[in-house]
Amino acid sequence: MEIVSGLVSFTVSKVLQFSRISEHKNAQTTKKMEEKALEVYDIIRTIRDPEKPNTLEELDVVSEKCVEVQDLGDEEYLIIIKFSPTVPHCSLATLIGLCLQVKLQRCLPFKHKLEIYISEGTHSTEEDINKQINDKERVAAAMENPNLREIVEQCVIEPDD
């Protein structure tokens, strides 16, 4: 009986030890994803609105909570951004999504997949716009248009410090 009790005690202590290791690893992963999300946010917050002299951060189009990062393994991350246009019928929501795509593709220092969406319920045609801004061929075609490319460049240029 003493042997069985010793084995049970040993097994329970090992399970608890592995549980603590797992909890610590999960906390580290969560912290790393939060840091990556802040890194992404720092890149997108300075994008200028196509119509106004303000940044997307100043207009509350983007915020820290609109960025989510998930670990895909092999040092690759899924970045999900959900932005909120200033009005439900914003005619420039697609252009804002394009600016987010372009700036992140240029500036992110790590391997990533990118998904950009309009926050649910914040735009009258959010489904159509979500499809457009996540379609790589449409994004590439839009950037071939010199007028559109010039507008995007003006929006994504870094402000003078």
Side-chain angles (χ1 to χ4, degrees), residues 12-50 52 54-88 90 92-143 149 151-161:
V12 167
S13 72
K14 286 297 178 190
V15 167
L16 289 174
Q17 180 182 6
F18 288 130
S19 175
R20 285 190 295 275
I21 290 170
S22 178
E23 286 174 12
H24 179 70
K25 190 173 182 177
N26 286 343
Q28 284 181 318
T29 300
T30 299
K31 186 173 190 256
K32 186 175 182 179
M33 294 306 101
E34 289 171 355
E35 289 170 357
K36 293 283 184 196
L38 279 175
E39 188 175 349
V40 170
Y41 179 68
D42 279 342
I43 292 170
I44 65 173
R45 68 188 189 84
T46 59
I47 295 173
R48 297 227 162 265
D49 183 84
K52 299 177 175 107
N54 305 82
T55 66
L56 298 184
E57 178 185 49
E58 292 167 343
L59 296 170
D60 287 327
V61 173
V62 296
S63 64
E64 286 182 24
K65 66 181 182 192
C66 81
V67 179
E68 178 187 344
V69 178
Q70 298 173 6
D71 191 350
L72 297 175
D74 288 337
E75 294 299 312
E76 183 174 16
Y77 301 91
L78 172 62
I79 298 163
I80 302 168
I81 297 176
K82 296 180 180 175
F83 71 97
S84 301
T86 54
V87 292
C90 177
L92 297 174
T94 306
L95 184 56
I96 291 170
L98 181 61
C99 291
L100 290 165
Q101 281 273 3
V102 168
K103 182 121 186 212
L104 288 170
Q105 292 298 351
R106 288 181 184 172
C107 297
L108 279 177
F110 52 84
K111 194 172 159 186
H112 63 278
K113 292 183 179 179
L114 187 57
E115 294 179 7
I116 298 175
Y117 303 103
I118 292 179
S119 296
E120 193 172 325
T122 61
H123 197 278
S124 55
T125 61
E126 66 193 54
E127 283 184 36
D128 294 333
I129 294 172
N130 288 340
K131 286 179 188 174
Q132 288 178 351
I133 59 181
N134 287 296
D135 183 325
K136 289 179 183 178
E137 291 175 9
R138 286 186 185 187
V139 169
M143 288 307 290
R149 185 173 53 243
I151 294 169
V152 169
E153 294 297 340
Q154 289 302 312
C155 292
V156 301
I157 195 166
E158 282 298 315
D160 295 331
D161 289 324

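All residue numbers in this chain count up from 1 along the given sequence.
- Minimum heavy-atom separation, Pro50 to Leu92: CB-CD1, 3.8 Å.
- Of the inter-residue distances, the one linking Ile80 atom CD1 with Leu114 atom CG reads 9.5 Å to the nearest 0.5 angstrom.
- One finds the CG atom of Leu72 at 5.5 Å from the CG atom of Leu78 (value rounded to the nearest 0.5 Å).
- Two residues are said to be in side-chain contact when any heavy atoms from C-beta on lie closer than 4.5 Å; Phe83 and Leu56 fail this criterion.
- A salt bridge between Glu127 and Lys131 is absent, with no side-chain N of the basic residue lying under 4.0 Å from a carboxylate O of the acidic one.
- Side-chain atoms of Pro85 and Ile96, non-hydrogen and from C-beta on, never get closer than 4.5 Å to each other.
- Closest heavy-atom contact between Ser119 and Glu126: O-OE1, 3.8 Å.
- The backbone N or O of Lys111 lies less than 3.5 Å from no partner atom in the side chain of Glu75, so there is not a single donor-acceptor pair.
- Taking CD of Glu35 as the start and CE of Met33 as the end, the distance is 9.0 Å to the nearest 0.5 Å.
- Here the CG-CE distance, from Leu98 to Met143, works out to 6.0 Å after rounding to the nearest 0.5 Å.
- Between the side chain of Thr94 and the main chain of Ile129, no donor-acceptor pair closer than 3.5 Å is present.
- A donor-acceptor contact shorter than 3.5 Å links the side chain of Asn134 to the backbone of Asn130.
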Which pairs would a plain distance check flag for residues 57-67, meaning a side-chain donor or acceptor within less than 3.5 Å of a matching protein atom at least two apart in sequence or in another chain?
unit_1, atom_1, unit_2, atom_2, d
Glu57, OE1, Arg45, NH1, 3.1
Glu57, OE2, Tyr41, OH, 2.7
Glu58, OE1, Thr55, N, 2.9

Which side-chain N or O atoms in residues 101-109 pair as donor and acceptor under 3.5 Å with protein atoms at least two apart or in another chain?
unit_1, atom_1, unit_2, atom_2, d
Gln101, NE2, Ile133, O, 2.6
Lys103, NZ, Ile43, O, 3.4
Lys103, NZ, Thr46, OG1, 3.1
Lys103, NZ, Val156, O, 3.4
Lys103, NZ, Glu158, OE2, 2.4
Gln105, OE1, His112, NE2, 3.4
Arg106, NH1, Glu153, OE1, 2.9
Arg106, NH1, Glu153, OE2, 3.3
Arg106, NH2, Glu153, OE2, 2.4

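- Atom CD1 of residue Ile118 and atom CD of residue Gln132 lie 9.0 Å apart, to the nearest 0.5 angstrom.
- From Ile151, atom CD1 reaches atom CG of Leu95 across 6.0 Å, with rounding to the nearest 0.5 Å.
- In this structure, Val40 and Phe110 have side chains that are in contact, with non-hydrogen atoms separated by less than 4.5 Å.
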